[in-house]
Structures are given as structure tokens and as C-alpha cells.
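Notes follow the structure.
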Amino acid sequence: MNTQQLKQLGVIIAIIVIAAILLPFISGLISLLIKIVLFLAIVGGLYWVYQTYLKK
């Protein structure tokens, strides 16, 4: 292996390590966003039901 291949291998290993460290944070953010969107959809649906059927 020459130095170019070793440098490329080092960069790939570094990217894999950084991705493994950041993965829980990124997946946590994505799940948080999904939960917020679902919460807003449920609140919006309940408000729509209240406006349409219950408020006379």
C-alpha cells in the first residue's frame, strides 16, 4: 500500500467513526421532528373536530 491508499483508507475510517458518533443524535432529531409533526396533526385534528361538530 502506498501513502495515497493509506490516506484514503484513513479518511474512510474517520468518516465511518464520525458517522457512528453522530448517528444517535441525528436519529434522535429525526424522531423528535416526527413526534412534533404527529403531535401537531393530532392537535389539529382534534381542533377541527371541535370546530366542526362540538361548537354549535
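Heavy-atom basis, side chains included; hydrogens, waters and symmetry copies ignored.
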What distance do [X] atom [atom1] and [Y] atom [atom2] have between them, rounded to the nearest 0.5 Å?
X: Ile34; Y: Ile36; atom1: CD1; atom2: CD1; value: 10.5 Å
X: Asn2; Y: Lys7; atom1: CG; atom2: NZ; value: 10.5 Å
X: Leu22; Y: Leu29; atom1: CG; atom2: CG; value: 10.5 Å
X: Phe25; Y: Ile30; atom1: CZ; atom2: CD1; value: 14.0 Å

More than 12 heavy atoms of other groups within 6.0 Å of Gln5 CD: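 Yes.
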
Counterpart residues, side chain to side chain contact (heavy atoms under 4.5 Å, CB included), relative to Ile13 (two or more places apart):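 Leu9, Val17.
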
Heavy-atom closest pair, residues Ser31 and Gly28: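 Closest approach of Ser31 to Gly28, heavy atoms only: OG-O, 2.9 Å.
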
Residues Val43, Phe39; criterion side-chain contact (heavy atoms from CB on, under 4.5 Å); working and verdict: CA-CA 6 Å; Val43 169; Phe39 175 74; 3.7 Å; yes

